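I have placed the structure first, in the form of structure tokens, so that the comments after it can refer back to it.
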Amino acid sequence: MDAFELFRKLGAGAKFDLKRFGQDAVRFKVQLKHVADDVSSDPLSAIDYFGPAPANGAQSKTTGLEDEGGEESEEGSGDGKLKDTGGNCISWTSSLEGKIQNLPSEGKEKNSLKRLKHLHQEKVNRIRSQHRINVHGCDVPDPVCTFEELQSEYHLNPRVLQNLRDAGLNSPTPIQMQAIPLMMHSRELLACAPTGSGKTLAFCLPLLTHLQQPANRGFRAVVISPTRELASQTYRELLRLSEGVGFRVHIIDKASLAAKKYGPQSNKKYDILVSTPNRLIFLLKQDPPALNLSSVEWLVVDESDKLFEDGKTGFREQLATVFLACSGSKVRRAFFSATCTPDVEQWCRLNLDNLVSVNIGHRNTAVDTVEQELLFVGTENGKLVAMRDIIKKGFLPPMLVFVQSIERARELFHELVYEGINVDVIHADRTQQQRDNVVNSFRAGKIWVLICTALLARGIDFKGVNLVLNYDFPTSAVEYIHRIGRTGRAGHQGKAITFFTENDKPLLRSIANVIKQAGCPVPDYMIGIKKIHSKVKRRLEKKPPKRSTICTTPRFLMKKKGKAQGRNKKSVSHCDFLRICT
DNA sequence: AAAAAAG
């Protein structure tokens, strides 16, 4: 396959600033050529890696969502091109390898060696199935069962291990068990694990371990996130983990954008960078570039399916620009998300080196720690009534309320702000200062009800969100999975209520299927609704049903009621709130 | 529709 064709695929038709990135593009081509040569010399990986493009069937099979007819298809079924690890693909732990090499190679001993191998393999298989770890690819290292093993096998910094313990983290989650050893072996991967199952740590630990110690060569690891809030959360996680180790972890904020502090004159005393894509690009496109990513060894794409979103103003083009800027010869890439589209899967299969894909449980499913409920509210007005009812009946804060647009977020906020509860709102039209304040207050428990757009749908880890309310119906099953994933995290219990009206009927079936698959009851008729055409579905994702404005206050009252009334209102404490509501 | 760079 022509390397430049791959390069074009990466951009999905996007236009690159070839003048600026021309040099990188050439290097990129060379790199791809190198990979292609490697592959052609190895017949096995040639099959796995550059196999013929999957047939249409295989492509649409990989997300259980696209054809949600309730099929319980194993996620492996669509991965025809990737070899299963069952059998002889497992690598050996170094200790066992040693033992075996010391054995005399007589017939009898050979037999016992075979048995030993077999037993080891059985053990590994058992661990994987116990934790619902599904893995596809060649030479996949064994999962680790404790953080201590990371120290003995992969030289995890003892201080990092201590930091883990201090944070109350005692043993790895399934995604961590498998993804960490893979990244430690410098394997490129596509990892798919449920919301709140520890993906952030799964890539942060290997980054810290891989870099070993601070160096002055510029950034060696980059993490990309779709929102600033998620970037800053990952940044803080890295800071916490690397405390006392001396790594220079950075996030591109407004100040660093203005200062261009990573420019050519910098002393390159940086190790890890966390950012949203556009900020990176902003720095890369300066003349001279205010950021150099040529020393990057690890590029982590968090919420990868989101960042692969296409379209003229979508993320995909930005991501491609970042990929090209990471021009070093040994750059490795890892993709993480709770959901995975066929798009991402195929791209990874074609472009990553000897890809391993890791899935925890079934792909694209909601966590079973969330009690999910669909609530018919009749009309738009019914939503507000039902919302007030929830508040009146009493609920345990904090609660997250998702709406479909910024305008509706504003409207709902104005409806609830005088109810005597601590409510706030967050969306991309608020200033960064406001956004930061809101997130901090919500984390501190000062806000009980937070109204938000899709801004907070992905990756954000608020401890102890008790209720997610989908005030507006989610635009897709994927969106639904991420929204309700803000609760029920790390094994805790959570609850999600989703309002729906007659207008939401087209997407009702697909969301009902997600709920059913997670083990929550749904009325049979919903599953029985006729499947909508995928064209219609796509249109709904882009243009959700038009909804009337959220407003109950008669106009003549709205003018009299100013902000003054809100200001004079006696503030209510958290205890008061609980009393009001019970 | 939202998000992502400033303003």
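So you know, we letter chains A, B, ... as the sequences are listed, proteins then strands, and number each from 1. As the structure is a computational prediction, the values presented were derived from the model and not from experiment.
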Measure centre to centre between the rings of A:F308 and A:F315, then say whether the value is under 6.0 Å. no

Atom pair distance, as rounded to whole Å: NE2 in A:H427 and C1' in B:dA4: 16 Å

A:F323 and A:W347 aromatic centres sub-6.0 Å: yes

Would you say A:T475 places a side-chain N or O within less than 4.0 Å of OP1 or OP2 belonging to B:dA2? no

A:F315 has an atom CZ; how far is it from atom P of B:dA5, in whole Å? 8 Å

Mind calculating the distance between CD (A:Q432) and P (B:dA5) to the nearest angstrom? 9 Å

Over 60° means perpendicular and under 30° means parallel, so tell me whether A:Y262 and A:H250 are parallel, tilted or perpendicular. perpendicular

Does A:R458 place a side-chain N or O at less than 4.0 Å from the phosphate oxygens OP1/OP2 of B:dA3? no

Euclidean distance, atom CG of residue A:L230 to atom P of B:dA4 [Å, nearest integer]: 11 Å

By the 4.0 Å heavy-atom rule, please label A:R435 as base, sugar-phosphate, or nothing. sugar-phosphate

Whole angstrom is fine here: how far is it from CZ in A:F308 over to P in B:dA3? 22 Å

Between A:R228 and B:dA5, is there a contact of a side-chain N or O with OP1 or OP2 at under 4.0 Å? yes

A:F282, nearest nucleotide to its side chain (from B:dA5, B:dA3, B:dA6): B:dA5

Side-chain contact check for A:T453: nearest option of B:dA2, B:dA6, B:dA5 is B:dA2

Interatomic distance, A:L283 CG vs B:dA6 C1' [rounded to whole Å]: 12 Å

Any chance you could lay out the ring-ring contact (aromatic ring centres under 6.0 Å, His included) test for A:F402 and A:Y471, step after step, and finish with the verdict? CA-CA 6 Å; A:F402 282 96; A:Y471 190 90; over 10 Å; no

Contact class for A:I406 (heavy atom, under 4.0 Å): base, sugar-phosphate, or nothing? sugar-phosphate

Compute the ring centroids of A:F203 and A:F336, then answer whether they are less than 6.0 Å apart. yes

Atom CD of A:E229 and atom P of B:dA4 are separated, to the nearest Å, by 7 Å

